[in-house]
There are 2 protein chains.
Amino acid sequence: MPAEAKVSAKVNKPAKVEARAAAPASPPLTERQEARRRRILHASAQLASRGGFDAVQMREVAESSQVALGTLYRYFPSKIHLLVATMQDQLEHMHGTLRKKPPQGETAAERVAETLMRAFRALQREPHLADAMVRALTFADRSVSPEVDQVSRQTTAIILDAMGQENPTPEQLSAVRVIEHTWHSALITWLSGRASIAQVKIDIETVCRLIDLTAP
Amino acid sequence: MPAEAKVSAKVNKPAKVEARAAAPASPPLTERQEARRRRILHASAQLASRGGFDAVQMREVAESSQVALGTLYRYFPSKIHLLVATMQDQLEHMHGTLRKKPPQGETAAERVAETLMRAFRALQREPHLADAMVRALTFADRSVSPEVDQVSRQTTAIILDAMGQENPTPEQLSAVRVIEHTWHSALITWLSGRASIAQVKIDIETVCRLIDLTAP
DNA sequence: CGCTAATCTAGAACAAGTTTCAGACTTGAT
DNA sequence: ATCAAGTCTGAAACTTGTTCTAGATTAGCG
């Protein structure tokens with residue numbers, strides 16, 4: 001019946017007031033649709049790498065990715081959704097990269113700090129892209145919760161990986177959540193020029209001490 | 001020479017690219033100007049208390065406060081500036097209120113957690129207002145750094161007050177910074193419905209343990 | 001008081017995110 | 001090959017933040 005069947009639960013008109021399931025099993029995308037989605041995300045990242053959040057203009061993204069504006073909005077119901085999806089995309093890369101060279105530290109705290117600093121260095125190479133993604137993430141409202149949650153889970157996974165913990169205790173999970181909070185907020189202060197790179201490093205190292213506090 | 005003399009270093013055209021001093025000594029405001037500023041902030045808080053960030057529309061703020069749109073922009077060069085100023089305003093109240101009943105906890109960590117939870121409860125009474133202020137705070141870019149920094153200093157002061165520390169060590173200041181990070185980020189996750197009130201409480205209590213770690 | 005510079009007002013104009021719509025195009029099923 | 005249903009396109013419209021302008025007002029000074 002349909003053609004280029006319903007793009008997915010995620011990729012569908014409902015822009016704001018919707019309340020759909022997270023993304024348990026994303027209805028399959030046509031090849032051309034997958035390609036479109038990829039082009040869009042690529043254009044988004046590219047524009048973001050230039051001027052950051054403001055430079056990602058929906059009309060430009062649409063043009064760059066050779067897609068009509070309406071289509072762009074069908075795939076990503078708002079600029080925030082688009083940027084959060086871009087972040088998901090980048091995070092996957094990052095996780096893959098990090099996996100390859102596990103951190104060397106003796107203690108879990110050291111390894112987590114080392115991993116986060118590695119990620120931070122990667123972000124420093126594309127500060128504008130980082131700006132766009134992080135601003136979108138923290139500005140996101142309820143309508144983007146599922147996607148933001150996914151980013152959060154991915155981040156948690158990275159941290160747990162670094163800890164080398166298979167079965168973290170609830171206490172450790174709390175510590176990880178606090179580390180994530182610190183990570184996001186520290187990034188923001190750095191991006192808005194209110195904290196130096198050194199400062200971010202200190203904050204990360206400081207919060208990572210919580211791990212020793214909950215694990216020994 | 002002038003009339004309603006230059007409103008202040010802060011309240012003046014330069015909207016974005018400016019780089020003026022923080023607010024060492026704000027050139028005095030006329031009574032009528034002070035009144036206008038107050039009306040604006042009041043309207044802002046009122047609108048925010050209704051629908052949150054989105055409900056604070058510059059045209060409405062202008063109308064509610066009986067001021068021309070251009071004037072509103074002269075006082076607050078952007079919606080973000082306005083909301084951050086609103087937050088400064090609210091924070092002052094809060095600090096005053098908190099001062100009156102110092103926290104009871106035995107340890108510094110307990111007192112800080114208690115204070116933050118008290119603040120959190122206050123925010124829960126006006127969740128929309130909280131939404132508007134916190135979103136503005138984390139979305140603010142470099143052009144708002146001085147104002148955001150001011151908010152940060154105020155928050156730091158509240159926390160140090162609760163700790164009862166006159167001369168905090170650098171380590172303790174790091175811990176306080178991390179606590180602030182956690183505070184902001186936890187608020188965001190709560191506001192966007194991704195964390196429960198209980199969860200925020202746990203996160204706050206968890207991060208406050210850092211104080212014991214740096215002070216004993 | 002009368003002047004002058006700065007401020008305030010009303011309203012138009014502009015920019016970018018979002019929505020809408022008619023028509024062309026695809027897809028999968030018959 | 002044909003058809004129905006769902007997609008994509010192009011373009012216009014709408015919303016809200018921000019800027020601009022011409023003229024009315026106001027404050028402080030001589």
Side-chain angles (χ1 to χ4, degrees), chain A residues 1-8 11-18 27-37 39-40 44 47 51-63 65-83 132 135-136 139-141 143-144, chain B residues 1-8 11-17 27-37 39-40 44 47 51 53-63 65-83 132 135-136 139-141 143-144:
Chain A
M1 307 124 180
E4 300 212 8
K6 256 179 131 189
V7 155
S8 103
V11 177
N12 229 338
K13 312 226 166 156
K16 298 224 142 171
V17 205
E18 37 147 54
L29 294 214
T30 303
E31 254 182 57
R32 307 184 60 196
Q33 289 179 323
E34 190 55 56
R36 270 186 210 109
R37 193 185 144 82
R39 284 206 305 279
I40 293 173
S44 168
L47 287 171
F53 188 89
D54 293 331
V56 181
Q57 302 194 352
M58 299 305 267
R59 281 175 246 260
E60 286 213 33
V61 173
E63 194 177 353
S65 49
Q66 310 233 264
V67 140
L69 190 55
T71 305
L72 171 53
Y73 272 95
R74 171 183 280 274
Y75 280 70
F76 303 97
S78 79
K79 174 171 174 171
I80 300 291
H81 281 83
L82 171 57
L83 285 173
R135 298 261 291 287
F139 191 61
D141 65 4
S143 72
V144 204
Chain B
M1 306 124 182
E4 300 214 8
K6 257 177 130 186
V7 155
S8 101
V11 177
N12 228 340
K13 314 227 166 154
K16 298 224 141 172
V17 205
L29 294 215
T30 303
E31 253 181 59
R32 309 185 61 196
Q33 289 179 322
E34 191 54 55
R36 270 186 209 110
R37 192 184 146 81
R39 285 207 305 279
I40 293 173
S44 168
L47 287 171
F53 188 89
D54 293 332
V56 181
Q57 303 194 353
M58 299 305 268
R59 280 173 247 260
E60 286 214 33
V61 172
E63 193 177 355
S65 49
Q66 310 232 262
V67 139
L69 189 55
T71 305
L72 171 53
Y73 272 96
R74 170 183 282 273
Y75 281 71
F76 302 98
S78 77
K79 175 171 174 172
I80 301 292
H81 281 84
L82 170 57
L83 286 173
R135 297 262 292 287
F139 192 62
D141 64 4
S143 72
V144 203

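Hydrogens, waters and symmetry mates play no part in the numbers below; they use all other heavy atoms, side chains included. Chain naming here is simple, since letters A, B, ... match the order of the sequence lines and numbering starts at 1 in each.
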query = Taking only side-chain nitrogens and oxygens of B:Q33, does any of them come within less than 4.0 Å of OP1 or OP2 of C:dC8?
reply = yes
key: Euclidean distance, atom CD of residue A:E31 to atom P of D:dT7 [Å, nearest integer]   = 18 Å
task = Grab the CE-P distance between A:M58 and D:dA13 for me, whole Å please.
result = 21 Å
task = Measure the distance from CG on B:D54 to P on C:dT18 and round it to the nearest whole Å.
result = 11 Å
query = Can you tell me how far C1' of D:dG17 sits from CZ of B:F139, to the nearest Å?
reply = 12 Å
query = Taking side chain as C-beta onward, heavy atoms only, is A:M58 less than 4.5 Å from A:Y73?
reply = yes
inquiry  = Quick check: do B:Y75 and B:H81 have side-chain heavy atoms less than 4.5 Å from each other?
reply    = no
Heavy-atom side-chain contact between A:T30 and A:R36 under 4.5 Å = no
inquiry  = I need the NZ-P distance between A:K79 and D:dT16, as an integer number of Å.
reply    = 17 Å
Using nucleotides 9-11 of chain C, report all nitrogen or oxygen pairs with the protein that are shorter than 3.5 Å.
residue : atom : partner : partner atom : Å
C:dT9   : OP2  : B:A68   : N            : 3.0
C:dT9   : OP2  : B:T71   : OG1          : 2.6

task = Could you tell me which non-hydrogen atom of A:S44 sits nearest to which non-hydrogen atom of A:L83, and how far apart they are?
result = OG-CD2, 3.7 Å
ask   = B:Y75 has an atom OH; how far is it from atom C1' of C:dT7, in whole Å?
value = 8 Å
request  = Could you tell me whether a side-chain N or O of A:S78 sits under 3.5 Å from a main-chain N or O of A:I80, the two making a donor and an acceptor?
outcome  = yes
key: Rounded distance (Å) that lies between atom P of C:dA16 and atom CD of A:Q57   = 4 Å
ask   = Has A:K79 got its NZ or CZ under 6.0 Å from the middle of the six-membered ring of A:F53, at an angle within 45 degrees of the ring axis?
value = yes
request  = Answer with base, sugar-phosphate or nothing: what part of the nucleic acid does A:V61 contact at a heavy-atom distance below 4.0 Å?
outcome  = nothing
task = Using atom NE2 of A:H81 as one end and atom C1' of C:dG17 as the other, report the distance to the nearest whole Å.
result = 14 Å
inquiry  = Does D:dG17 have OP1 or OP2 under 4.0 Å away from a side-chain N or O of B:R59?
reply    = no
ask   = Any side-chain N or O of A:Y73 less than 4.0 Å from the OP1 or OP2 oxygen of D:dC8?
value = no
message = A side-chain contact here means heavy atoms from C-beta on lying under 4.5 Å apart; do A:L47 and A:Q57 qualify?
response = no
